[in-house]
Amino acid sequence: MNRYSVAIHDLPAETIESEALTAQDALKRLNVKALDRIVAVRINGESRDLSTLLEKEARLEPIYLDSEEGLQILRHSTSHVMALAVKELFPGVKVTIGPAIEDGFYYDFDYERPFREEDLPRIEEKMWEIIREDLPFIRKVVPVKDAVAFFEKESEEYKLELLRDISTEADTVSLYTQGSFTDLCRGPHIPSTGMIRAFSLTKVAGAYWRGDEKRPMLSRIYGVAFADKKSLRAHLKRLEEARKRNHAKLGPQLGLFSTHDEIGAGMVVWHPKGMMLRYQLEQFEIKEHLRRGYEMVRGPEILKTDLWIKSGHFDNYRENMYFTTIDEQSYGIKPMNCLSHMLIYSSKIRSYRDLPKRYFELGTVHRHERSGVLHGLLRVREFTQDDAHILCTPEQLNGEIKGVLEFVEDVMSIFGFPYELEISTRPEKSIGSDEDWELATSALMNAMQDSGLQYTVNEGDGAFYGPKIDVKLKDALGRSWQCATIQCDFTLPERFDLVYIDRDGMKHRPVMIHRVILGAIERFVGILIEHYAGAFPVWLAPVQAMILTVTDRCIPRATEVMKILREADVRVEGDFRNEKLGLKVREAQLQKIPYMLIMGDRESEKGGVTPRLRSGENLPFMTPQEFVERIEEDLKQRR
RNA sequence: GCCAGCGUAGCUCAGUCGGCAGAGCAACUGAUUUGUAAUCAGUGGGUCGGGGGUUCGAUUCCCUUCGCUGGCUCCA
């Protein structure tokens with residue numbers, strides 16, 4: 001008989017006498033509540049299986065099914081169950097990896113043919129069988145060489161490859177077995193398959209082995225899993241709601257834009273309402289840039305290929321560019337705006353007193369994105385950036401980066417977007433010296449630290465000319481999209497021999513910051529549509545108010561009111577059709593117009609309107625002048 | 001670019017195991033002059049994404065191409 005000293009959380013340790021003691025036994029003996037909802041346990045701070053044998057002293061923290069960590073373990077275990085089901089249904093399939101992800105899990109397989117959606121119901125059915133069998137997850141720690149022998153016998157070459165990597169840093173590995181399936185896995189797992197109560201296989205997809213497009217394409221099956229059926233249903237419901245915000249659907253319905261097979265993939269046609277929305281955004285941007293000391297500039301959309309060779313774009317970015325020939329001279333259509341801006345800078349001698357120069361351009365660029373990545377407005381081949389290039393002295397760099405970070409914060413808070421910051425370091429394909437990259441990278445990090453901002457690091461994901469800070473926003477389905485970006489560049493000023501005369505009378509090299517705030521207007525509009533579900537605030541709404549007449553008798557006065565409002569810069573339209581008010585309200589509502597201005601006989605007589613809000617709320621009767629004041633207040637508050 | 005799925009009227013979708021292509025809404029015309037999310041009636045509208053093949057016959061089967069969706073890879 002052994003004596004164990006076990007503490008739950010920070011409670012005083014208790015003594016348990018037993019031959020051997022698993023974590024689960026200990027929790028039971030110490031009367032921990034809701035044992036059936038505990039999936040795993042932290043032993044002295046480390047996540048472990050419930051079946052783990054305890055040492056003489058242990059501090060235990062149960063991990064509950066519905067906690068963040070508990071769900072993650074549940075999802076991971078569900079992926080193992082799926083792998084078992086797939087192995088039973090499709091003999092010869094090879095397993096690779098199957099982690100938990102947000103809301104669910106996936107598992108990548110190599111099979112003689114890719115899986116299809118129609119395979120999923122069968123797999124789900126099999127999984128439920130496995131769950132009903134309530135198979136335990138059995139952990140076994142073995143020497144790497146035994147694991148190698150095992151997976152060789154099973155011909156699981158992907159597992160062998162993983163083992164080869166692991167073997168450089170560990171002598172033993174853990175294996176988990178449920179029924180006939182044994183997987184290489186760190187764990188922990190739920191105690192047995194019966195604990196899975198709510199999951200659904202959602203989609204199939206191709207995925208390269210280890211994310212490398214030069215390696216085999218595997219067949220991935222995605223699923224979602226939750227603690228109970230109710231949470232699963234709620235999740236599916238949320239997805240449904242998110243789909244209703246789909247900008248690719250809402251945009252054309254609201255008359256904002258369209259795309260056309262006959263024009264080409266990744267090209268957007270902007271309709272009057274969409275163009276008005278863009279115009280509002282652009283006016284806002286111009287104003288915000290001017291007040292921060294930027295100067296507006298503009299360059300041509302095609303520039304000689306020689307210049308792209310000089311800048312390094314030809315060597316590093318050619319596959320994303322379009323080229324054309326004019327008078328036997330090769331030209332490249334611009335994928336970025338920086339070249340003209342540098343030529344503006346170098347068009348005269350600059351003194352340190354002139355710096356920083358901040359050149360701003362709403363620049364339209366073309367990039368040849370691979371066909372499979374195109375996605376509504378969020379990924380297109382022609383788009384307009386709110387682009388600027390800041391040329392400054394090395395001493396000014398930190399302050400300029402902080403200024404841009406503040407700019408980003410100001411703008412994002414106006415739209416009410418939460419965002420995430422990410423710093424990307426030197427990629428394989430790049431130009432410039434190691435010292436410059438080091439300098440630029442630390443400049444970006446220091447600026448973020450000085451501003452007290454949280455960020456993550458994305459190794460090797462920088463632009464070819466410099467490291468960058470990316471600002472990521474989320475679409476309705478929670479996918480992240482890069483919008484603002486701040487890129488630090490010592491290389492292009494070098495290649496274009498940009499200089500300024502410093503106090504010492506000598507030529508010095510300026511640093512260049514490439515930056516966008518909204519990013520691409522197209523992408524930003526896409527995110528905006530999903531963010532507001534198409535119901536734009538008054539300051540952005542293409543149509544701010546729609547006058548709805550009740551009868552034809554009201555048309556003359558309605559026409560007058562419309563004129564007054566238009567003269568006061570209200571974006572107003574009229575629905576004077578011979579239709580019932582209910583129909584007009586419905587249609588204005590579907591167009592998500594902020595104000596419906598009702599004009600019947602009562603209003604005509606008094607020469608005003610009764611506004612109805614999108615929410616359904618009615619405002620009291622008001623004169624056109626009072627309504628204009630209300631709109632002006634909305635604009636001021638950016639409502 | 002790769003894997004899977006999808007493309008029928010302006011929109012949402014039926015449909016044909018190969019035999020003249022359908023509904024609702026929208027549009028148009030007429031009636032109705034209407035008070036806060038759909039007034040009634042009538043009419044028109046599609047070479048079933050494009051091209052090729054198989055077949056007596058293809059929207060349906062096959063190939064190819066364009067586009068879209070979800071992933072992978074890549075990036076604003």
Side-chain angles (χ1 to χ4, degrees), chain A residues 106 108 113-120 202-222 243 246 248-249 252-253 258-266 317 319-320 335-336 363 365 367-381 383-387 424 427 461 463 468 470-473 477 479 481-485 487 514-524 526-527 548-555 577-590 596 598-603 610-614 616-618:
Chain A
Y106 68 78
D108 285 348
R113 63 156 176 89
F115 293 115
R116 304 186 211 103
E117 300 268 338
E118 66 194 49
D119 296 323
L120 299 185
T202 51
K203 56 198 173 195
V204 295
Y208 299 106
W209 169 233
R210 305 197 123 181
D212 183 344
E213 63 182 318
K214 290 180 200 73
R215 312 203 62 181
M217 163 106 4
L218 307 171
S219 188
R220 175 174 297 179
I221 301 176
Y222 281 95
R243 272 190 268 272
N246 180 3
K249 212 84 183 164
Q253 271 168 24
S258 60
T259 56
H260 303 263
D261 291 9
E262 49 275 64
I263 287 180
Y317 204 71
E319 57 277 19
N320 284 292
M336 298 183 194
V365 298
R367 295 185 186 174
H368 178 233
E369 300 292 345
R370 301 213 270 184
S371 60
V373 306
L374 300 175
H375 182 98
L377 288 185
L378 302 183
R379 196 64 178 284
V380 292
R381 285 180 171 156
F383 55 98
T384 299
Q385 294 178 303
D386 59 335
D387 203 2
S424 297
D461 209 31
K468 58 179 186 166
D470 288 332
V471 176
K472 302 212 160 180
L473 304 183
L477 286 171
R479 294 173 291 207
W481 296 91
Q482 179 183 324
C483 289
T485 179
Q487 311 178 344
H514 308 241
R515 45 106 290 179
V516 292
I517 304 294
L518 303 185
I521 305 288
E522 283 72 7
R523 176 175 289 179
F524 196 77
I527 300 268
L548 310 183
T549 49
V550 178
T551 74
D552 287 354
R553 290 189 298 279
C554 318
I555 293 177
R577 290 174 304 168
N578 173 14
E579 293 288 355
K580 294 184 122 175
L581 185 59
L583 181 85
K584 297 184 182 187
V585 167
R586 175 183 156 79
E587 291 188 356
Q589 195 78 42
L590 290 174
M596 284 155 251
I598 315 293
M599 278 200 85
D601 290 335
R602 294 200 293 274
E603 290 83 359
T610 303
R612 178 196 205 269
L613 305 179
R614 276 182 294 216
E617 185 195 345
N618 264 321

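Chain A is the first sequence line, chain B the second, and so forth, proteins listed ahead of strands; every chain is numbered from 1.
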A/Arg370 and A/Glu213 ion-paired at < 4.0 Å: yes
Has the side chain of A/Tyr208 got a donor or acceptor atom sitting under 3.5 Å from an opposite partner on the base of B/G1? yes
Could you tell me which nucleotide pairs with B/U39 by Watson-Crick or G-U wobble geometry, both distances under 3.5 Å, or answer none if nothing does? B/A31
Which whole number of Å gives the distance between the P atom of B/C17 and that of B/U36? 50 Å
Using the C1' atom as the reference point in each nucleotide, state the distance between B/G57 and B/A21 in Å, no decimals. 16 Å
In Watson-Crick or G-U wobble terms, with both distances under 3.5 Å, the base opposite B/C13 is B/G22
Has the side chain of A/Arg370 got a donor or acceptor atom sitting under 3.5 Å from an opposite partner on the base of B/U73? yes
Under 4.0 Å, heavy atoms only, any strand: does A/Arg612 hit a base, just the sugar-phosphate, or nothing? base
Taking the minimum atom-to-atom distance to the side chain of A/Gln482, which one of B/A38, B/U36, B/A76 wins? B/A76
Stacked pair A/Tyr222-B/G71, distance under 5.5 Å, angle under 30°: no
Counting side-chain heavy atoms from CB outward, which of B/U36, B/G70, B/C75 is closest to A/Asn618? B/U36
If the cut-off is 4.0 Å, is A/Lys580 near the phosphate of B/U36, judged by side-chain N/O to OP1 or OP2? no
In whole angstrom, what separates A/Leu548's CG from B/U33's C1'? 15 Å
Any donor-acceptor pair under 3.5 Å between the side chain of A/Arg379 and the base of B/C74? yes
What nucleotide, of B/A4, B/G71, B/A76, holds the atom closest to the side chain of A/Arg479? B/G71
Any salt bridge linking A/Arg381 with A/Glu522? Criterion: basic side-chain nitrogen under 4.0 Å from a carboxylate oxygen. no
Write down the distance separating the C1' atoms in B/U33 and B/U69, rounded off to the nearest Å. 46 Å
Would A/Lys468 and A/Asp470 pass as an ion pair if we require N to O under 4.0 Å? yes
Taking only N and O in the side chain of A/Gln253, is any of them less than 4.0 Å away from OP1 or OP2 of B/G10? no
Starting from C1' on B/A26, measure out to CG on A/Leu583 and report it in whole angstrom. 11 Å
Taking atom C1' in both B/G45 and B/C61, what distance in whole Å separates the two? 29 Å
Among the nucleotides B/C72, B/A4, B/C75, which one has an atom lying closest to any side-chain atom of A/Arg523? B/C75
Side chain of A/Ala265 - closest among B/A4, B/A38, B/G67: B/G67
Compute whether any side-chain donor of one residue and acceptor of the other, for A/Arg612 and A/Gln589, lie under 3.5 angstrom apart. yes
Complement of B/C68, any strand, by Watson-Crick or G-U distances under 3.5 angstrom: B/G5
Would you indicate which nucleotide in B/C68, B/G5, B/C74 comes nearest to any side-chain atom of A/Val373? B/C74
A/Glu369 bridged to A/Arg379 by N-O distance under 4.0 Å: yes
Nearest-angstrom distance, C1' atom, B/U54 to B/C13: 31 Å
Distance between C1' atoms of B/C48 and B/G7 (Å, rounded): 10 Å
For nucleotides B/A41 and B/A26, find the distance between their P atoms and express it as a whole number of Å. 12 Å
Closest nucleotide among B/A37, B/U33, B/A4 to the A/Asp552 side chain: B/U33
Using the P atom in both, what is the distance from B/G52 to B/A31, to the nearest Å? 48 Å
Presence of A/His375 side-chain N/O under 4.0 Å of B/C68 phosphate oxygens OP1/OP2: no
Would A/Tyr222 and A/Arg220 count as a side chain to side chain donor-acceptor pair (under 3.5 Å) if you check the C-alpha gap in whole Å, the side-chain angles of each, and the deciding distance to 0.1 Å? CA-CA 6 Å; A/Tyr222 281 95; A/Arg220 175 174 297 179; 2.9 Å; yes
Of A/Arg210 and A/Arg577, whose closest RNA chain B nucleotide lies nearer the 5' terminus? A/Arg577
Would the base of B/G1 count as contacting A/Glu369 through its side chain, where contact means a donor and an acceptor less than 3.5 Å apart? no
I want to check something: taking the side chain as every heavy atom from C-beta on, are A/Glu319 and A/His368 in contact at a cut-off of under 4.5 Å? no
Where the side chain of A/Met217 is defined as all heavy atoms beyond and including C-beta, which of B/U12, B/A37, B/C2 is the nearest nucleotide? B/C2
By nearest atom, which of the nucleotides B/A37, B/G70, B/A76 is closest to the A/Leu590 side chain? B/A37
